[in-house]
Amino acid sequence: MLTYEEAHNRAAEFGQGHLFQFWGQLNEAERGALLSDISEIDFPLMRRLIAHWVLSEPEPERFEHIAPVPVIPLNAPDSAEAWAAGEDALRAGRVGLFLVAGGQGTRLGFNGPKGAYPIGPLTGKSLFQYHAEKIRNLRRRYGCILPWYIMVSDANAEETSVYFEQHDFFGLGREHIRFLRQRMVPCVDLAGRFLLEAKDRLAMNPNGHGGCIPAMVESGVLEDARERGVDLLSYFQVDNWAVKVADPRFIGYHVLRGAEMSSKNHRKNSPREAVGVHCLCDGRYQVIEYSELDLYPQLLETDERGDVVYYAGNPAIHILSVDFVQQVYDHFEAFPWHRAFKKIPFVDESGALVKPDAPNGYKFETFVFDALQIIGHAPVAVEIQREGEYTPTKQFEGDNSVVAARRSMASLWSKWLEATGAKPPRQADGSSAIAIEISPAFALDEKEFVTNSLGHDWPIDTDLAIGAAGEIERAAPAAQTS
Ligand code: UTP
């Protein structure tokens with residue numbers, strides 16, 4: 001940690017001397033907190049970001065030629081081969097799991113880490129627990145460990161590790177779960193001055209999910225993966241309840257094509273859907289953000305059937321090769337940064353806390369999908385169906401919400417129940433009339449569900465392998481065996 005002299009000089013040198021304006025009013029502990037925040041800052045980087053993003057209005061990047069990215073369709077003829085290759089990689093212990101859970105979860109507004117959100121409508125099981133139950137199932141199937149690396153940040157690190165302790169690491173063994181902390185970045189006002197959120201604390205935000213690249217290398221996680229013989233990382237986001245963790249088909253395509261980074265893609269519902277689009281831009285693969293759609297009118301085109309031409313929406317599900325992460329880290333200086341105009345609470349000159357009701361400053365972040373730009377050869381893009389794979393929970397109600405995610409899972413699980421011959425009640429519009437939960441430890445897909453539920457009574461047992469908030473008419477035994 002920097003001394004007072006060093007921190008003071010450094011801040012003054014970079015035009016941030018105001019950080020010490022309350023120094024005379026701080027006690028020893030508060031002074032320590034301020035020095036600790038300042039010691040974390042990469043001042044040369046911040047100067048670069050402020051000059052580019054705040055003190056000038058940068059021109060958006062223009063591309064001469066944009067093409068839709070080639071996507072492996074759902075029913076590609078080699079999908080069985082990919083599945084088998086993925087299963088081989090899993091059995092050989094080559095796969096680790098990488099979960100990004102360091103975000104602030106501001107839109108959901110839950111009091112605790114987003115992963116602790118009780119997403120299960122019947123059980124109140126958390127997002128973390130759902131992911132853990134998927135891992136339990138995969139371990140059973142493939143006899144592998146699947147070490148689980150979880151990225152957290154100052155916003156939630158302590159609470160997340162306490163949560164895992166309280167739940168005894170979901171029976172997965174603490175030695176196979178490792179937390180790593182991403183770096184924080186100061187928030188700045190419209191003049192490029194760092195904001196204080198208290199007299200002794202800077203307003204900071206985690207450095208975006210792209211921060212997983214330096215975090216993996218600097219925390220020793222990449223080394224740990226190598227020592228365990230893991231060369232493939234299945235990357236997913238904590239708020240995607242449905243995500244297929246370590247999906248054999250996806251891993252298989254990555255392996256068969258010798259890829260460095262692979263992505264899943266879902267079809268966009270409409271040209272203006274609020275999702276990034278995976279494209280080939282002047283020979284470089286990248287995700288064009290939703291906010292930039294209007295810069296590229298072709299991205300809004302539809303074909304004669306009304307389908308979006310640039311349809312490859314980015315649900316943030318990837319496979320990263322361990323060596324590739326190291327390669328991106330070695331060039332991380334050139335990794336792109338993005339800015340977001342936000343409402344940032346701060347203390348004013350008098351030391352009073354101000355909660356602005358309109359955006360008053362910028363947060364800076366990196367995005368993991370920008371690593372696609374660095375790839376030596378074509379990345380692998382694999383199509384998925386949203387239902388059963390992508391239920392982002394950004395807020396409680398509306399698009400990408402808890403309510404929408406529960407509806408989507410009830411719809412999926414109703415189909416699984418129907419595959420056993422049962423008749424779960426449906427509304428007039430076809431959606432499920434009741435809340436349903438099926439533990440992923442019990443079944444990860446319809447086929448496994450049908451096999452495992454033969455001969456079971458359900459709703460069953462305390463673990464709620466299968467639960468429904470209402471009566472479900474069971475199939476007659478003859479129907480089940482036919
Ligand atoms: P989002 O960008 O949706 O952010 O993150 P969020 O924190 O969940 O929610 P808001 O925007 O504050 O409402 C998508 C995923 O990336 C992770 C999040 O934890 C989530 O799993 N993430 C995001 C990080 O791990 N670190 C970050 O700095 C940002």
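Remember, it's 1-based here, ligands and their atoms both numbered in the order they're listed.
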Exercise for the section: With heavy atoms of Lys394 as the reference, note each atom of ligand 1 found under 4.0 Å away. Expected result: 1 (P), 3 (O), 14 (C)
Exercise for the section: Would you check if the distance from the ring center of Phe98 to the ring center of Phe236 is below 6.0 Å? Expected result: no
Under 3.5 Å, sequence neighbours excluded: what are the donor-acceptor pairs made by side chains of residues 190-199?
residue	atom	partner	partner atom	Å
Lys199	NZ	Gln25	OE1	2.8

Completion exercise
Met151 heavy atoms within 4.0 Å reach ligand 1 at atoms 25 (O)
Fill in the blank from the handout: atom 11 (O) of ligand 1 sits nearest the protein heavy atom Arg107 NH2, 2.9 Å
Practice task
Before accepting this row, confirm whether a basic side-chain N of the pair Asp154/Arg201 lies closer than 4.0 Å to the acidic partner's carboxylate O.
Solution key: no
Practice task
Could you list the residues that satisfy side-chain hydrogen bond (donor to acceptor under 3.5 Å, both in side chains) with Asp42, not counting sequence neighbours?
Solution key: none
Exercise for the section: From atom 26 (N) of ligand 1, work out which of Gln182, His209, Gln104 has a heavy atom at the shortest distance. Expected result: Gln182
Practice task
Before accepting this row, confirm whether a basic side-chain N of the pair Glu333/Arg48 lies closer than 4.0 Å to the acidic partner's carboxylate O.
Solution key: no
Problem - Gly208 to ligand 1, any heavy atom closer than 4.0 Å - result: yes
Practice task
Mark up the atoms of ligand 1 that fall under 4.0 Å of a heavy atom belonging to Val238, in ascending order.
Solution key: 21 (O)
Practice task
Tell me, please: is Ala101 in heavy-atom contact with ligand 1, that is, under 4.0 Å?
Solution key: yes
Practice task
For the pair Lys268 and Glu273, find out whether any cationic side-chain nitrogen is under 4.0 Å from an anionic carboxylate oxygen.
Solution key: no
Practice task
Provide the number and element of each atom of ligand 1 under 4.0 Å from a heavy atom of Lys114.
Solution key: 6 (P), 8 (O), 9 (O)
